[in-house]
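One structure below.
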Amino acid sequence: MIHIIVFIIIVIQLYLTCKNKVSSLIFYVSTLMLLPNVVKYQIGGLGVVYSYFTGLCMLPLLLRKVPQEYKSYLRLLYFLMAYQFLLLFITGIPFSLQLKNLILSFFTCYILYLLPLVSIDTAMSLGRVNKVLYFVILIVSLYGLLTFIMGQNPYFQYLRSIYPQSLDASSFMEDSRGVVSSRVFSTMAHPLCLGQILTLFFFYFRNIPSVLKNKAIYKVGLYVILLTALLSGSRAVFFSIIVFYAFDLLSISNLKTELRTLISLITFVLIIILMVGGPALSELLAAYFGSLSFDMDAGNMGGSSGSLRLFQLFRSFDIVNNNLFLGMGIGFVHEFGDKYPEMLGYESIIFKKLIDEGLIGLFLYILFFIFLLKLGRRTVKAKDFSRWSFCFMTSYIVSIVFTGDQQSSGYFFLLFLLMIKYYRLNNYGCICYNSKL
């Protein structure tokens, strides 16, 4: 049944790419969020994920002309891709393994880096994208809450019955992180992936006017998205939210409004947790805030401690010592991490980039973020955007430094570019910043 559905998805994707570029973007992003990449086909002895085929359907759209103001961004992106392609031939691990990981990055990340530039050119088309993506991410969040209440994930149980070797996500429902007695992963393959992506969408939709006629319902939907992100059990998600609000509070004049809303949000989250059968309030607070210490022994939290992260940083330089500038090869941590006991929990993007792509790759990755921020400041003349872009990027960097890029970087660049489009298509940011969420 799932293979028939995937075949239909591929046909629809190809049709939309040829007929309607906006609908093609919406459909591609929606399927990535609703159907995880555990759905594979065996071709030539290799497990090929379904998004390879939908991504290939998108190629004609990606060949469209990019507006002049984004040409410098495009050149840097192509340079980064060319560097990664060059590593296939000069690093030590097998060519086929590196190529597999690079292709996966292209279809799940790099396509999203480009789609907004070639698909959206009117405010009306952007409005369509925002409305559909809001409902899709809300569906993902509501299903996540449902699985939290049920204590099981029927969708993934079905997928696991088909792909037993490629998915072992059911154990997350029995995992716990402080007060979060069951880690939510909804339609994603991992709770960290869900937490990062939901947080990005929350920050994005928080900054634009309601896509619904009823603004109250729109805000409730945003709180549902945020609550589900917190139930993923990722401390990095919690810290990224704190960082976003902290920078935002420091840069606005209406401090009382933000503080009042933040207190209301915390109260809302506590009430929801209590309603679904959490412990007594005192125990709940102690467990939750105790989990933020990054101490592996604090409240049986699990996860990685701060001292472990520091140890892993030093070990990263030891592992890559013989090829410090170029690294060990694309996907080395993913493919061979189990052979290095010290790589257990190697989640930070710094470790992965340093080992996989060396100091040059890590430098280019950091440069790409800086350039994206400058691109936004240069093309959008609005103080509101400058504030949002800084908070958005800083909070995301905090998240990936702690837990790595859990298939979320594509969504980060997608939403950042959509926000640039939003301000530009509305006369360079003549839109009031939504500071009431």
Side-chain angles (χ1 to χ4, degrees), residues 66-81 83-84 105 109-118 120 126 196-197 199-208 236-237 239-252 348-350 352-353 357 359-406 408-431 433-435:
V66 174
Q68 182 64 36
E69 58 267 27
Y70 302 109
K71 288 294 181 65
S72 55
Y73 165 82
L74 201 60
R75 283 193 292 268
L76 183 59
L77 176 60
Y78 287 160
F79 183 79
L80 178 61
M81 293 171 63
Y83 170 76
Q84 293 180 331
S105 295
C109 296
Y110 289 138
I111 286 182
L112 298 180
Y113 290 14
L114 294 170
L115 273 182
L117 306 183
V118 296
I120 299 172
L126 180 58
Q196 282 187 343
I197 292 174
T199 305
L200 289 173
F201 275 95
F202 171 78
F203 293 151
Y204 174 77
F205 284 113
R206 175 188 181 275
N207 192 52
I208 62 176
V237 166
F239 283 126
S240 67
I241 294 170
I242 294 298
V243 168
F244 184 94
Y245 271 97
F247 280 110
D248 197 33
L249 288 171
L250 292 174
S251 60
I252 64 173
S348 175
I349 193 67
I350 297 175
K352 289 185 177 181
K353 284 293 178 181
E357 303 174 34
L359 285 176
I360 295 177
L362 179 60
F363 171 76
L364 289 176
Y365 187 75
I366 295 172
L367 182 64
F368 200 42
F369 276 89
I370 296 173
F371 188 85
L372 182 66
L373 187 62
K374 289 187 175 181
L375 172 69
R377 301 289 177 86
R378 186 174 66 249
T379 56
V380 177
K381 308 300 180 182
K383 292 182 179 180
D384 289 345
F385 174 82
S386 297
R387 183 180 65 204
W388 176 87
S389 62
F390 179 77
C391 295
F392 187 65
M393 183 171 290
T394 304
S395 62
Y396 181 66
I397 290 173
V398 167
S399 180
I400 62 177
V401 165
F402 280 119
T403 59
D405 169 15
Q406 304 292 335
S408 63
S409 67
Y411 295 98
F412 170 80
F413 282 88
L414 170 75
L415 296 177
F416 198 99
L417 292 171
L418 285 179
M419 189 60 74
I420 291 177
K421 287 279 188 176
Y422 174 77
Y423 276 87
R424 286 184 60 82
L425 294 174
N426 289 280
N427 298 320
Y428 291 89
C430 298
I431 303 295
Y433 183 78
N434 188 356
S435 61

Can you check whether Ser240 reaches Phe402 side chain to side chain, under 4.5 Å on heavy atoms? no
Check whether any side-chain heavy atom of Leu417 lies under 4.5 Å from a side-chain heavy atom of Leu114, and answer yes or no. no
Distance col, row Asp248:CG vs Phe203:CZ, nearest 0.5 angstrom, shows 9.5 Å
message = When you measure from the centre of the six-membered ring of Tyr245, is the NZ or CZ of Arg206 closer than 6.0 Å and no more than 45° off the axis?
response = yes
Does Cys391 offer a backbone N or O that forms a donor-acceptor pair with the side chain of Thr394 under 3.5 Å? no
Interatomic distance, NZ@Lys71 vs OH@Tyr78, rounded to 0.5 Å, equals 9.5 Å
Return yes when atom NZ of Lys374 has more than 12 non-hydrogen atoms of other residues, nucleotides or ligands closer than 6.0 Å, and no otherwise.
-> no
For Gly410 and Tyr113 the tightest heavy-atom approach is CA-CE1, 3.7 Å
Evaluate the side-chain proximity of Phe369 to Ile400: yes if any heavy-atom separation is below 4.5 Å, no if none is.
yes
message: Taking the side chain as everything from C-beta on, heavy atoms only, tell me whether Val380 gets closer than 4.5 Å to Arg424.
response: yes
Worksheet entry | Leu80 vs Tyr110 side-chain heavy atoms within contact, under 4.5 Å | yes
Interatomic distance, CG@Asn207 vs CG@Leu415, rounded to 0.5 Å, equals 11.5 Å
Between Lys421 and Leu126, the two heavy atoms sitting closest are C-CD2, 3.9 Å
Heavy-atom closest pair (Ser348 atom, Val401 atom, distance to 0.1 Å) is OG-O, 2.7 Å
When you look at Cys109 and Phe413, which way does the side chain to side chain contact (heavy atoms under 4.5 Å, CB included) test go after all the steps?
CA-CA 9 Å; Cys109 296; Phe413 282 88; over 6 Å; no
Across all chains, not counting sequence neighbours, the ring-ring contact (aromatic ring centres under 6.0 Å, His included) partners of Phe390 are Phe247
Measuring only between side-chain heavy atoms, which start at C-beta, is Tyr396 closer than 4.5 Å to Phe416?
no
Is it true that Thr379 and Tyr423 share a donor-acceptor pair across their side chains at a distance under 3.5 Å?
no
How about Phe392 and Phe412: are their ring centres within less than 6.0 Å of each other? yes
Correct closest heavy-atom pair for Ser408 and Leu200 would be O-CD1, 3.7 Å
Residues Glu69 and Leu375: closest non-hydrogen pair is O-CD1, 3.6 Å
| task | Measure centre to centre between the rings of Phe79 and Tyr83, then say whether the value is under 6.0 Å. | result | no
- Task: Establish, yes or no, whether a centroid distance under 6.0 Å links the rings of Phe368 and Tyr73.
- Result: yes
In terms of heavy-atom contacts, Leu117 and Pro67 come closest through O-CD, 3.4 Å
CD1 (Ile120) and CG (Leu418) are apart, to the nearest 0.5 Å, by 4.5 Å
In this structure, CD of Gln84 is separated from CG of Leu364 (nearest 0.5 Å) by 9.0 Å
Interatomic distance, CG@Asp384 vs CE@Met419, rounded to 0.5 Å, equals 10.5 Å
Residues at least two apart in sequence or cross-chain that pass ring-ring contact (aromatic ring centres under 6.0 Å, His included) with Tyr70, listed by chain then number, are none
